[in-house]
Amino acid sequence: MPHRPQPVPDRMARVKIVAAEFVTSAATAADLLQTPLPELAFAGRSNVGKSSLINALAGRTIARTSAAPGKTRLANYYRLQPDRGRAFHLVDLPGYGYARGAREGRAFDTLAHEYFFGGPAGVWMRPAIAGVALLVDARHPGLDTDVEACDWFAAQGCALQLVATKADKLTRADRQRAGAALVKAFGRTALMTSVPSGEGIDELWVWIAQQVEQWTQPPR
Ligand SMILES: Nc1nc2c(ncn2[C@@H]2O[C@H](COP(=O)(O)OP(=O)(O)O)[C@@H](O)[C@H]2O)c(=O)[nH]1
Ligand SMILES: [Mg+2]
C-alpha cells in the first residue's frame, strides 16, 4: 500500500537539521551527561529499529545500525540542531528484552532506571527529559516486555509517544490488525513509521519539536 503522508501543521512541518552528531556513549550512570539541553529518550527492544529511526530523523547516518540484535548496551547521545528552535539530545537507551532475563534486560533496567532517577538523591526524574519515544515492532504488537516498559515509562509521568516501527513489512490487512492490537495492548495509539518509505517521520518530528518547545530548563 503506498504511504499517504498525514497532514502536519505548517509551522512544524519539515524540520531541517542543520547539525547532527554523535556525542558520547554512557555505560554507567556516572557517564550520563548533565547538560542544559533537553533530552528525548528512545527506548525499545534490541533490533526494533531505534538507530535506524534516529538516522532517519537526523537525515544522515549518525547511529550505527545492525541486523544482529543485542549490540547496544550503552546509552548513546546524539546532538541535533534544527533550523528553528533549540538544540537537543536524542538519547538511544540500551535495548531490552531480546533474551528475557538475560544480561541485557538487567542492563536496561539498571541504566534506564539510573537515567531517570540518577540524581544524587536518587529520587527525582532527570530534569532534562523532555519526552520518551517507546519503539515497538509493528509486526509484534503487545509483547510483555514492551507493555511492561510502556507502563513503567507512563508511571514516571513523562511525555510518552508509542512508535510502531517497520510498518513497511505489514500488508494492508496486517496493518489494520496491528493498529487495533496496539491500542488494545497499550491503551494508546501508536505512530506507524517506516524508515525505507519515510512514513511517520514528519509526524514524529512534530511530536519531538513540541516536546522540545514545551520543555523548560529546571532551576538549578
Ligand atoms: N524493513 C524495515 N527494516 C528496518 C526498519 N528500521 C530498521 N530496520 C532494520 O532492522 C534492523 C535493526 O535496526 P537498528 O536500527 O539497528 O535497531 P536497534 O537495535 O533498535 O538500534 C536493521 O537490519 C535495520 O535495517 C524499517 O522501518 N523497515
Ligand atoms: Mg541501535
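Both counts, for ligands and for their atoms, begin at 1 and track the order of listing.
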Distance check, rounded to the nearest 0.5 Å: Ile201 atom CD1 versus Ile208 atom CD1?
9.0 Å

Rounded to the nearest 0.5 Å, how far apart are CG of Leu134 and CD of Gln161?
10.0 Å

Have Asn55 and Ser52 got a donor and an acceptor in their side chains that come within less than 3.5 Å?
no

Give a yes or no on whether a salt bridge exists between Glu199 and Arg175, defined as a side-chain N under 4.0 angstrom from a carboxylate O.
yes

Numbering as shown, the atoms of ligand 1 that approach [X] to under 4.0 Å (heavy-atom distance):
| X | value |
| --- | --- |
| Lys50 | 15 (O), 17 (O), 18 (P), 20 (O), 21 (O) |
| Pro196 | 26 (C), 27 (O), 28 (N) |
| Ser194 | 27 (O) |
| Lys169 | 1 (N), 2 (C) |
| Thr65 | 15 (O), 16 (O) |

Nearest heavy atom to atom 24 (C) of ligand 1: which of Ser52, Gly198, Ser197 does it belong to?
Ser52

Checking heavy-atom distances from atom 27 (O) of ligand 1 to each of Asn47, Asp137, Asp92, Val195, the winner is Val195

So for ligand 1, is [X] a polar contact partner (N or O within less than 3.5 Å, distance only)?
| X | result |
| --- | --- |
| Val48 | yes |
| Lys166 | yes |
| Gly49 | yes |

Report the part of Asp168 (side chain from C-beta onward, or backbone N, CA, C, O) that has a heavy atom under 4.0 Å from ligand 1; answer both or neither where that applies.
side chain

Hey, is the Mg ion (ligand 2) within less than 2.8 Å of some N/O/S atom on Ser51?
yes

Within less than 4.0 angstrom of ligand 1, does Gly44 place any heavy atom?
no

Going by heavy atoms, is Thr165 under 4.0 Å from ligand 1?
no

Looking at every heavy atom in both Leu90 and Phe42, which two are closest together, and how far apart are they?
CD2-CE1, 3.4 Å

